[in-house]
Amino acid sequence: MSRENVENTRRLFQAVEDRDVAGVLAAYAPEIIIRDAESLPYGGVHYGIEGAKQHVEGAARTWDDLQPAAERKMDAVFLDSGDYVIVLWQLRGLETSSGRKLDLPVVSVYKMRDGKIVESQMFYSDTVTILQFLENKQ
């Protein structure tokens with residue numbers, strides 16, 4: 001099952017990079033719980049597929065203008081830990097008008113059950129810098 005867990009998580013990341021909402025939602029179990037930094041515009045705790053949809057759509061609204069295709073690449077590294085998959089990845093952004101860039105490491109932990117993600121939590125290295133980048137977009 002571990003290999004299936006990692007592959008499902010890889011598909012999740014590909015769907016995020018592709019802005020494929022249906023692909024993102026397909027990675028989750030119906031009882032999914034997503035925990036994201038409260039301070040982010042799309043942060044908080046999100047429950048179930050409807051909550052997951054709100055989370056992914058909120059993140060897309062926040063980042064679409066700041067993540068041209070090249071900036072969406074997260075360079076994810078997937079670590080198999082049995083019932084958990086840990087992912088090391090980069091959050092990137094580019095403000096095209098000024099050339100300002102964001103490139104910060106993130107760790108995500110995914111609890112798996114029957115090959116689906118039942119819990120997701122993101123740990124950002126610096127939410128203050130992320131918020132400053134988002135607030136200063138021109």
Side-chain angles (χ1 to χ4, degrees):
M1 186 61 75
S2 252
R3 179 174 290 176
E4 182 182 355
N5 291 343
V6 171
E7 287 310 310
N8 185 49
T9 308
R10 282 185 200 281
R11 286 190 297 273
L12 168 72
F13 271 71
Q14 187 63 56
V16 169
E17 289 178 353
D18 293 343
R19 296 300 195 261
D20 173 9
V21 174
V24 169
L25 298 178
Y28 296 138
E31 68 274 17
I32 181 68
I33 299 171
I34 298 171
R35 293 178 181 87
D36 210 339
E38 289 278 347
S39 58
L40 297 177
Y42 46 88
V45 181
H46 304 270
Y47 297 94
I49 295 298
E50 189 57 37
K53 184 177 180 194
Q54 291 170 358
H55 179 257
V56 72
E57 288 174 347
R61 276 192 306 276
T62 300
W63 291 103
D64 273 351
D65 292 342
L66 297 169
Q67 288 181 325
E71 302 303 321
R72 292 180 191 173
K73 185 77 174 126
M74 294 184 274
D75 295 330
V77 175
F78 299 86
L79 305 172
D80 182 355
S81 185
D83 289 339
Y84 290 86
V85 176
I86 293 94
V87 184
L88 314 174
W89 56 280
Q90 294 297 123
L91 175 62
R92 295 191 172 99
L94 171 65
E95 187 181 75
T96 54
S97 62
S98 69
R100 281 186 331 117
K101 288 188 170 197
L102 177 74
D103 191 351
L104 294 173
V106 183
V107 175
S108 294
V109 178
Y110 300 95
K111 184 176 182 180
M112 310 298 292
R113 187 177 307 124
D114 299 324
K116 295 283 190 172
I117 299 168
V118 293
E119 291 182 28
S120 166
Q121 184 156 4
M122 280 60 73
F123 298 92
Y124 300 89
S125 63
D126 187 351
T127 54
V128 171
T129 297
I130 295 168
L131 289 171
Q132 289 171 343
F133 182 80
L134 294 174
E135 287 172 3
N136 293 325
K137 61 182 184 174
Q138 299 174 358

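For the single chain, residues carry numbers from 1 onward in sequence order.
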Applying ring-ring contact (aromatic ring centres under 6.0 Å, His included), can you list everything that pairs with H55, at least two apart in sequence or on another chain?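 Per chain and number, H55 pairs via ring-ring contact (aromatic ring centres under 6.0 Å, His included) with Y42, H46.
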Can you list, pair by pair, the side-chain donor-acceptor contacts under 3.5 Å of residues 15-25, counting residues two or more places apart and other chains?
residue, atom, partner, partner atom, Å
E17, OE2, M74, N, 2.9
D18, OD1, Q14, NE2, 3.1
D18, OD2, Q14, NE2, 3.3
R19, NE, D64, OD1, 2.7
R19, NH1, V16, O, 3.1
R19, NH2, Q67, OE1, 2.5
D20, OD1, A22, N, 3.3
D20, OD1, G23, N, 2.9

How far apart are the closest heavy atoms of [X] and [Y], and which atoms are they?
X	Y	answer
D80	S2	OD1-OG, 2.8 Å
T62	P41	OG1-CB, 3.8 Å
N8	A26	OD1-O, 4.5 Å
S125	P105	OG-O, 3.1 Å
A29	I49	O-CD1, 3.7 Å

[X] and [Y]: same hydrophobic cluster, using ILVMFWY side-chain contacts below 4.5 Å?
X	Y	answer
Y28	V45	no
V109	I33	no
I86	I32	no
M122	V87	yes
V56	L40	yes

Just how far is it from atom [atom1] of [X] to atom [atom2] of [Y], taken to the nearest 0.5 Å?
X	Y	atom1	atom2	result
E71	E95	CD	CD	12.0 Å
I34	Q54	CD1	CD	10.0 Å
T9	K116	OG1	NZ	11.0 Å

Candidate pair R100 and L102, rule side chain to side chain contact (heavy atoms under 4.5 Å, CB included), full reasoning: CA-CA 7 Å; R100 281 186 331 117; L102 177 74; over 6 Å; no
Mutual orientation of the aromatic rings belonging to F133 and W63 [parallel < 30°, tilted 30-60°, perpendicular > 60°]: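 Plane angle under 30°, so parallel.
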Sole candidate of T129, L104, L91 that passes side-chain contact (heavy atoms from CB on, under 4.5 Å) when paired with Y124: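 Answer after filtering T129, L104, L91: L91.
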How far apart are the C-alpha atoms of L66 and L134, what are their side-chain angles, what is the distance that settles it, and do they pass the side chain to side chain contact (heavy atoms under 4.5 Å, CB included) test? CA-CA 9 Å; L66 297 169; L134 294 174; 3.6 Å; yes
In the structure I gave you, are the side-chain heavy atoms of [X] and [Y] within less than 4.5 Å of one another anywhere?
X	Y	result
Y110	L12	yes
M112	I117	yes
S108	Q121	no

Please check this pair: side chain of N5 against backbone of G82, looking for a donor-acceptor N/O pair closer than 3.5 Å.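 It does hold such a pair.
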Check for a donor-acceptor pair, side chain of K53 on one end and backbone N or O of G48 on the other, with a separation under 3.5 Å.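 No.
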Sorted by first residue and then second, give each salt bridge (charged side-chain N to carboxylate O under 4.0 Å, His left out) pair with at least one member in residues 34-52; sequence neighbours left out.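 Found R35-E119.
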